[in-house]
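See structure below.
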Amino acid sequence: MTDRAQFIRQLPKAELHMHLEGSIEPQMMLSLAERNGMTLRWQTADALRSAYEFSNLQDFLNLYFEGCKVLVQQQDFYDITRAYLRRCAADNVLHAEMFIGPQSFTERGVTIRALMDGVLGAVDDARREDGVSSGLLISAHRHRTEADAFALLDSIAPWQDRVAGVGMGGPEVGNPPSKFVNFFAECKRRGFKTSIHAGEEGPAAYVREAVELLDVDRIDHGNAALSDPSLVELLRARAIPLTVCPLSNLRLKGVSSLTEHPLREMLQKGLFATVNSDDPPYFGGYVNENLIEVQRSLDLGRDDIVTLAKNSFRAAFIDEADKARYLSLIDQYVKQNAHF
Ligand code: HPA
Ligand code: ZN
């Protein structure tokens, strides 16, 4: 391992943008299917992995939603969450905020209770057994109606105190943030932190809507914002975090090569960027691989990497005392690791 890669792997960090349904490793996907009496289109982990070739977001989402079918019982939700959080412990991810989109499951008869109890059981065990802190983000689907999103919000009311925030994903183009103005207003009224995927495949205007109409706490992705200088200034002045996902952008053809990735420009323009994995097995890497590959491709300096790690905690939906504690761990680490 190079010094740089080692510095990145051992650096304390948070991850703020990943989807639990998108974290199922191929071998686990096959085991879950077997446990639930299903036959997949692939017989081996290698065959499944070779299906991870995408030409755009919709192409990926088709496979991602197909993969959701293997999650049926409470134990399934527990197992995928626990596996991801074990990986966090191994990768020096000290805090993780994880999306799950319950509509994929409840529409097939899975109860919201099975999903929440499974995921939250793993959150509790990971904290106790591995010392990893995590928060759950409930993600609504933008291709469904606003009424569907409201129904989802009502269904999670019993777990209000255990939900770190509410987000939104799914096919972006044609489903702008403005479609969900009332929903996001209600999320805020109920006291939830909010985010929305915007500017991944959609235009800068969608990022602007997310800021001006929805007043979200974070933007997931946000790449397209760079084409609008006054929007860049708005994001910078308001210090709105962007949860950027380099390998996802590469694998969904948002960029043709990581050397073309906008992360360096985001940092140079003073934007509040973080690096994340989105759907790690599908896109070929967890947060460390995202940091390592984007550092190398853009020749980012050590200060940039430290800024990204600090930003990951600053942008987290945690209290100020916890942020300060994590930031001082980074300062300590940087002092003790002069190389790179
Ligand atoms: N975009 C939109 N929806 C998603 C994504 C994404 O990158 N990953 C999982 N669901
Ligand atoms: Zn995402």
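In listed order, ligands and their atoms are each counted from 1. Bear in mind that the values here come from a model prediction, so they are computed numbers and not experimental data. Values reported hereafter were calculated over all heavy atoms of this structure, with side chains retained and with hydrogens, waters and symmetry mates removed.
- Residue contact check for ligand 1: Phe60 places a non-hydrogen atom closer than 4.0 Å to it.
- In His197, the N, O or S atom that comes nearest to the Zn ion (ligand 2) is NE2.
- Considering only heavy atoms from C-beta on, Leu291 comes within 4.5 Å of Leu308 through its side chain.
- Under 4.0 Å is where a charged nitrogen must lie from a carboxylate oxygen, and between Glu293 and Arg4 no such pair does.
- In this structure, His221 counts as a contact residue of ligand 1, since one of its heavy atoms falls inside 4.0 Å of the ligand.
- Classified by interplanar angle (parallel below 30°, tilted 30° to 60°, perpendicular above 60°), the ring pair Phe183/Phe150 is perpendicular.
- None of the N, O or S atoms belonging to Cys245 lies under 2.8 Å away from the Zn ion (ligand 2).
- If you look at Tyr282 and His19, their ring centroids are not closer than 6.0 Å.
- Between the Lys310 side chain and the Leu327 main chain, no donor and acceptor come within less than 3.5 Å of each other.
- The heavy atom nearest to atom 3 (N) of ligand 1, considering only Gly170, Gly254, Gly101, Ala198, is found in Gly170.
- Checked against the 6.0 Å centroid criterion, the rings of His141 and Phe180 do not qualify as a close aromatic pair.
- Annotation: Ser248 places no N or O atom under 3.5 Å from an N or O atom of ligand 1; distance criterion only.
- Atoms of ligand 1 found under 4.0 Å from any heavy atom of His197, numbered from 1 in the order shown, are 1 (N), 2 (C), 5 (C), 6 (C), 7 (O).
- At a threshold of 4.5 Å between non-hydrogen side-chain atoms, the residues Glu15 and Glu97 do not count as touching.
- Counting heavy atoms under 4.0 Å from ligand 1, residue Leu252 does not touch it at all.
- Side-chain contact between Tyr326 and Ser133 is present, with heavy atoms from C-beta onward closer than 4.5 Å.
- If you check which protein heavy atom lies closest to atom 1 (N) of ligand 1, you get Glu200 OE1, 2.7 Å.
- Under the 6.0 Å cut-off for aromatic ring centres, Tyr206 and His221 do not qualify, their centroids lying 6.0 Å or more apart.
- Regarding atom 8 (N) of ligand 1, its nearest protein heavy-atom neighbour is Asp279 OD2, 2.9 Å.
- Backbone or side-chain N, O or S atoms of His221 do not reach the Zn ion (ligand 2) at under 2.8 Å.
- When heavy-atom distances to ligand 1 are checked against a 4.0 Å cut-off, Asp278 comes that close only through its side chain, counted from C-beta outward.
- Checked against the Zn ion (ligand 2), the N, O or S atom of Asp278 at the shortest distance is OD1.
- What sits closest to atom 5 (C) of ligand 1 on the protein, heavy atoms only, is His19 NE2, 3.7 Å.
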Item to complete: Carefully, step by step, assess Phe60 and Tyr52 under the rule ring-ring contact (aromatic ring centres under 6.0 Å, His included).
Response: CA-CA 8 Å; Phe60 156 70; Tyr52 298 166; 8.7 Å; no
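- The Leu57 neighbourhood of ligand 1 comprises atoms 1 (N), 2 (C), 6 (C), with distances under 4.0 Å to a heavy atom of that residue.
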